[in-house]
There are 2 protein chains.
Amino acid sequence: MEETQTIQQMCTTFGVTPRTLRFYESKELLFPKREGTRRLFTRRDSARLKLILRGKRFGFSLEEIRQLLDMYNIGDGQATQFQETYRIACARLEDMERQRDELNEAIDELKAQLDWGRQLLHQETRTTD
Amino acid sequence: MEETQTIQQMCTTFGVTPRTLRFYESKELLFPKREGTRRLFTRRDSARLKLILRGKRFGFSLEEIRQLLDMYNIGDGQATQFQETYRIACARLEDMERQRDELNEAIDELKAQLDWGRQLLHQETRTTD
DNA sequence: ATGATGCCTTACGTTAACGTCAATCAAAAA
DNA sequence: TTTTTGATTGACGTTAACGTAAGGCATCAT
């Protein structure tokens with residue numbers, strides 16, 4: 001019971017295309033095993049894909065995501081080059097916090113703008129009576 | 001005193017290239033006047049550019065930004081096709097709020113991850129004593 | 001007058017993240 | 001066994017948002 005998934009199972013559960021999964025493998029974001037020539041995706045791949053898709057929603061590039069995913073693979077001894085990745089993640093975190101703050105401001109402004117729009121829409125042509 | 005700015009003044013104050021400003025004009029995001037063949041950017045262009053750059057930081061596409069900017073230009077009578085733009089903005093607002101919430105979660109998780117990384121970095125090789 | 005600048009237009013080049021199509025190959029169904 | 005189905009590997013196409021290079025006016029200093 002290796003609990004592996006075929007490419008189509010992955011596609012339906014995650015809402016992506018086969019092309020996307022092959023592309024991610026070519027970019028070393030996923031590492032499915034092979035049964036002959038076919039790909040078999042492990043739980044590890046599923047976990048990584050979940051993080052990849054979330055990262056994308058935050059505007060991370062695939063390359064940045066790859067760097068961040070590597071943070072999860074330091075359990076095996078050498079923390080080689082980990083410090084650089086660590087710095088990247090810290091900087092990125094500050095970016096995200098700034099972005100969240102700006103986002104909050106923008107949301108408020110947009111809400112106000114929409115209220116104004118609502119008033120325009122609901123004017124019952126009473127001014128030209 | 002028209003208070004207009006040349007293309008280079010705009011570039012230095014906003015940190016963009018001339019190409020970018022021309023590109024935005026070609027996409028009908030900016031509408032500089034002309035002195036002969038040269039562009040003269042008005043306060044209105046500056047205000048719009050500020051919004052454009054902020055929109056970009058939120059991951060809006062230029063086309064979406066154009067739609068949103070049009071919301072500011074309904075003062076002149078006909079609310080033609082405004083309802084469509086309005087709907088787009090409402091939907092986008094919900095997107096942004098969802099994104100903000102996810103962003104907050106991700107920030108927390110990333111912080112935890114970084115704490116774990118910090119521990120790795122500061123282990124003083126005491127385990128192999 | 002003559003370069004040297006600065007801006008203009010036109011147009012092709014670039015990167016990211018896949019889409020799409022063709023040809024192949026293997027397992028499963030008829 | 002032949003057909004169908006599904007997966008794989010190239011390899012070229014696509015969109016967004018500019019970059020960059022080429023060639024042409026116009027003005028400003030020398």
Side-chain angles (χ1 to χ4, degrees), chain A residues 2-42 45-46 48-70 88 92 95 99, chain B residues 2-42 45-46 48-70 88 92 95 99:
Chain A
E2 284 287 356
E3 288 239 19
T4 75
Q5 282 183 258
T6 77
I7 198 168
Q8 276 305 332
Q9 290 173 327
M10 289 290 280
C11 288
T12 57
T13 54
F14 287 101
V16 298
T17 70
R19 170 63 175 145
T20 298
L21 296 179
R22 297 192 191 109
F23 181 70
Y24 289 169
E25 182 186 9
S26 78
K27 293 289 179 179
E28 301 190 69
L29 288 160
L30 299 176
F31 308 93
K33 307 188 166 169
R34 297 303 177 102
E35 179 190 55
T37 177
R38 282 172 194 152
R39 273 164 254 258
L40 290 181
F41 294 85
T42 69
D45 290 312
S46 293
R48 291 175 72 96
L49 182 53
K50 199 177 299 183
L51 292 172
I52 292 169
L53 296 180
R54 196 177 62 185
K56 288 202 57 182
R57 288 200 299 278
F58 301 148
F60 288 77
S61 75
L62 290 183
E63 175 55 25
E64 289 171 321
I65 292 173
R66 200 183 57 73
Q67 304 250 356
L68 289 176
L69 282 177
D70 286 349
I88 292 178
R92 191 67 200 178
D95 280 357
Q99 185 177 342
Chain B
E2 284 288 354
E3 289 240 16
T4 76
Q5 281 183 260
T6 77
I7 199 169
Q8 276 304 332
Q9 290 173 327
M10 289 289 281
C11 289
T12 56
T13 54
F14 287 99
V16 298
T17 71
R19 170 61 176 146
T20 298
L21 296 180
R22 298 190 192 109
F23 181 69
Y24 289 170
E25 182 187 7
S26 79
K27 293 291 180 179
E28 301 190 70
L29 288 160
L30 300 177
F31 308 93
K33 307 189 166 168
R34 298 301 177 104
E35 179 191 55
T37 175
R38 281 169 193 153
R39 274 163 254 259
L40 290 181
F41 294 84
T42 69
D45 290 313
S46 293
R48 292 176 70 95
L49 182 54
K50 198 177 299 182
L51 292 172
I52 291 168
L53 296 179
R54 196 177 62 186
K56 287 201 57 181
R57 288 199 300 278
F58 300 149
F60 287 77
S61 75
L62 289 185
E63 176 55 24
E64 290 171 319
I65 292 174
R66 200 183 58 73
Q67 305 250 355
L68 289 176
L69 282 176
D70 286 349
I88 294 178
R92 190 66 200 178
D95 281 355
Q99 186 177 343

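In this text, all values refer to a predicted model and were calculated from it rather than measured experimentally. Note on naming: letters A, B, ... go to the chains in the order of the sequence lines (proteins, then strands), and numbering restarts at 1 for each one.
- One interatomic measurement links the two molecules: CD of B:E25 to P of C:dT10, which rounds to 12 Å at whole-angstrom precision.
- Side chain of A:R66 to main chain of A:E28: no donor-acceptor pair is present (N/O by atom type, distance under 3.5 Å, no hydrogens or angles).
- For A:Y24, taking side-chain heavy atoms from C-beta onward, the closest of the listed nucleotides C:dC18, C:dC7, D:dT8 is C:dC18.
- In the displayed structure, A:Q9 atom CD is contacted under 6.0 Å by more than 12 heavy atoms of other residues, nucleotides or ligands.
- For A:I7, the side-chain atoms get nearest to D:dT8 when compared with the rest of D:dC18, D:dT8, C:dC18.
- Comparing B:L62 and B:R38 by the nucleotide of DNA chain D that holds the closest heavy atom to each, the one mapping nearer the 5' end is B:L62.
- A donor-acceptor pair under 3.5 Å links the side-chain atoms of B:R48 to the main chain of B:L29, judged by distance alone.
- Summarising the geometry, the separation between CD on B:E35 and C1' on C:dC7 is reported as 11 Å, rounded to the nearest angstrom.
- Distances were taken from every side-chain heavy atom of B:R22 (C-beta onward) to each of C:dA17, D:dT8, C:dC8; the shortest belongs to C:dC8.
- The CD atom of A:E63 sits 14 Å away from the P atom of C:dC18 (whole-angstrom rounding).
- In this structure, CD of B:Q8 is placed 9 Å from P of C:dC8, rounded to the nearest angstrom.
- Rounded to an integer number of Å, the gap from A:K27 NZ to C:dC18 C1' is 10 Å.
- Residues A:V16 and A:L53 share a closest heavy-atom pair of CG1-CD2, 4.2 Å.
- Side chains of A:E3 and A:T42 form no contact here, defined as non-hydrogen atoms less than 4.5 Å apart.
- Annotation: side chain of B:L40 is not in contact with side chain of B:D45 (no heavy-atom distance under 4.5 Å).
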Nucleotides 19-23 of chain D: which of its N/O atoms have a protein N/O under 3.5 Å away?
| from | atom 1 | to | atom 2 | distance (Å) |
| --- | --- | --- | --- | --- |
| D:dG19 | OP2 | B:T17 | OG1 | 2.8 |
| D:dG19 | N7 | B:R19 | NE | 3.1 |
| D:dG19 | O6 | B:R19 | NH2 | 3.1 |

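- Taking all atoms of both residues into account, the shortest heavy-atom contact from B:T17 to B:C11 is C-SG, 3.5 Å.
- In this structure, A:F23 atom CZ and D:dG13 atom P are separated by 18 Å, rounded to whole Å.
- Taking atom CZ of residue A:F41 and atom C1' of nucleotide D:dA7, one finds them 11 Å apart after rounding to whole Å.
- Atom CD of A:E64 and atom C1' of C:dA16 are 12 Å apart (whole Å).
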